[in-house]
Amino acid sequence: MTLRLLEDWCRGMDMNPRKALLIAGIPQTCGVVEIEEALRAGLAPLGEYRVLGRMFRRDENKNVALIGLTEETDHALVPKQIPGKGGAWRVIFKPPSPDDEFLNRLNEFLKGEGMTLGELTRALGHENQPLSLVQGMIPGRWAPMLSQALDVALQPTLQYLRYKQLSLFSGRDPPEPGEEEFESWMFHTTQMMKMWQVSDVEKRRRLIESLRGPAFDIIRVLKINNPLITVAECLQALETIFGVIDNPRVLQVKYLTTYQKEDEKLSAYVLRLEPLLQKLVQKGAIEKEVVNQARLDQIVAGAVQRTVRRQLGLPEGSPAPGLLQLLTLIKDKEAEEEEEALLQAGLEGHFT
């Protein structure tokens, strides 16, 4: 009976019954101050509240009070009774139904993802279905829709997690610290553009974000003249200005004069060399059948340490390894050298 009273009272005041409590069993002789003190002690875990009204119940010869909460609360936090004058006062609370609880959790999730229930139903192709029917669906029928909703809602987050900023390119010769040479930058950028499942506008934003100096100025001017310029057009413009396109001989000279830098790891040198090698293959300057040998020959010639074959355990006359096998050998060697350096540093620190 008291739960019906709570619902009717809330309906008359046009308020959500799950944002209200009914306190029953209050003696008629209990004053306002005594009621407020009992509520302050008993309802503290529920946060802010206010007394909306009192009513006398003839069948119990006691008063009841309607309490308004600022927001819906967890059923587990609501006490069944609170201590007050004349004994314990009963607390009546309308618990959510399983369907309501499911919808509440769904709404909380969607709110965190920046979506509403209406947007969810439209995304799932239910834009013509009344919201009341959607809300009335049982959780079992919501399960496949919710799974689909997760894919829709989390896609931007997943794309953000996959997003790694491009390396910097300015077009300066030589590149400043932190900047890439054009061939390696272009190779990496092209691969990333294929991987990103985002709009061309977002790809263009990320591309411009990686540019500095002359390269940035060129794309900025092009974008002013053509605000709808595509990523492909931007890359083509940079390729035309900074890349080697029509002269395989010039490209071959550049490849043969690309050497490992003093503080550069051998694996990083190999990856920097690879775009040039692939371009030579595309231009027909190097046959695909000998690409592995051409790669190894230049690494041996351009490495700071010219004993690469011996260091990696590659006997003279043996077939040249492919890129993946070569990088694996190099990275294993680099890891071994780092481990030895750390061990040596530890021993020196221990005995000094």
Side-chain angles (χ1 to χ4, degrees), residues 164-192 206-207 209-218 235 238-239 241-245 247-283 285-286 290-314 316 320-345:
K164 293 183 179 180
Q165 287 186 330
L166 297 171
S167 51
L168 299 180
F169 173 69
S170 68
R172 299 184 183 96
D173 188 21
E176 294 186 356
E179 298 177 353
E180 292 283 338
E181 293 185 356
F182 179 74
E183 286 78 11
S184 57
W185 176 85
M186 187 68 168
F187 181 78
H188 176 255
T189 298
T190 303
Q191 298 304 311
M192 295 304 294
R206 297 179 185 183
L207 171 67
E209 181 183 68
S210 73
L211 301 177
R212 300 290 186 274
F216 173 79
D217 293 337
I218 291 167
L235 293 176
L238 294 173
E239 178 81 24
I241 296 170
F242 298 105
V244 180
I245 299 179
N247 195 332
R249 180 58 184 164
V250 175
L251 180 60
Q252 191 171 29
V253 171
K254 188 172 180 63
Y255 175 74
L256 295 174
T257 56
T258 298
Y259 303 125
Q260 183 185 8
K261 300 173 184 177
E262 282 295 333
D263 297 327
E264 186 178 32
K265 288 187 175 182
L266 185 59
S267 56
Y269 170 55
V270 172
L271 291 174
R272 185 162 58 88
L273 199 64
E274 190 63 20
L276 290 171
L277 177 61
Q278 294 302 324
K279 260 193 173 182
L280 284 169
V281 174
Q282 292 172 9
K283 300 298 179 183
I286 294 179
V290 297
V291 67
N292 289 339
Q293 188 61 51
R295 180 189 298 113
L296 183 59
D297 289 345
Q298 181 55 32
I299 292 170
V300 172
V304 174
Q305 301 293 332
R306 300 303 176 87
T307 57
V308 175
R309 270 190 173 273
R310 182 164 52 81
Q311 284 183 328
L312 300 179
L314 300 173
E316 294 293 337
L323 177 61
L324 182 59
Q325 182 184 0
L326 184 61
L327 282 173
T328 301
L329 291 171
I330 293 173
K331 287 184 176 295
D332 288 345
K333 183 64 178 177
E334 288 174 346
E336 182 182 328
E337 290 174 352
E338 288 178 2
E339 186 177 345
E340 290 178 359
L342 289 173
L343 178 59
Q344 185 63 31

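This is a predicted model, so every value here is computed, not measured.
By the 4.5 Å heavy-atom criterion applied to side chains, W185 and L211 are counted as neighbours. Two residues are said to be in side-chain contact when any heavy atoms from C-beta on lie closer than 4.5 Å; Q191 and H188 fail this criterion. Looking only at side-chain heavy atoms (C-beta outward), Q278 and R295 come within less than 4.5 Å of each other. Taking 4.5 Å as the limit, every side-chain heavy atom of N292 sits out of range of all side-chain heavy atoms of L326. Counting heavy atoms from C-beta outward, K333 and I330 have side chains that stay 4.5 Å or more apart. By the 4.5 Å heavy-atom criterion applied to side chains, Q298 and Y259 are counted as neighbours.
Nearest approach of L166 to S210, heavy atoms of both residues: CB-CB, 3.6 Å. The minimum heavy-atom distance between E334 and L266, with the atom names listed, is OE2-N, 3.1 Å. The shortest heavy-atom contact between T189 and L235 is CG2-CD2, 4.1 Å. Between T258 and Y269, the closest heavy-atom pair is O-OH, 2.7 Å. When every heavy atom of Y255 is checked against every heavy atom of L273, the shortest pair comes out as CE1-CG, 3.5 Å.
Every salt bridge (charged side-chain N to carboxylate O under 4.0 Å, His left out) that K265 has, sequence neighbours left out, goes to E338. Judged as a side-chain hydrogen bond (donor to acceptor under 3.5 Å, both in side chains), and not counting sequence neighbours, S167 has no contacts. For the side-chain hydrogen bond (donor to acceptor under 3.5 Å, both in side chains) test, no residue two or more places apart in sequence or in another chain qualifies with Q325.
Here the CD-CD distance, from E183 to E239, works out to 8.0 Å after rounding to the nearest 0.5 Å. Rounding to the nearest 0.5 angstrom, the gap separating the CD1 atom in I286 from the CD atom in Q252 is 6.5 Å. One finds the OG atom of S267 at 10.5 Å from the CD1 atom of I299 (value rounded to the nearest 0.5 Å). Here the CG-CZ distance, from L276 to F182, works out to 11.0 Å after rounding to the nearest 0.5 Å. For the atom pair CG of L251 and NZ of K283, the computed distance is 8.0 Å after rounding to the nearest 0.5 Å.
Side-chain N/O atoms of S170 and E176 include no donor and acceptor closer than 3.5 Å.
We find that E179 and R212 are not joined by a salt bridge, their nearest charged nitrogen and carboxylate oxygen being 4.0 Å or further apart.
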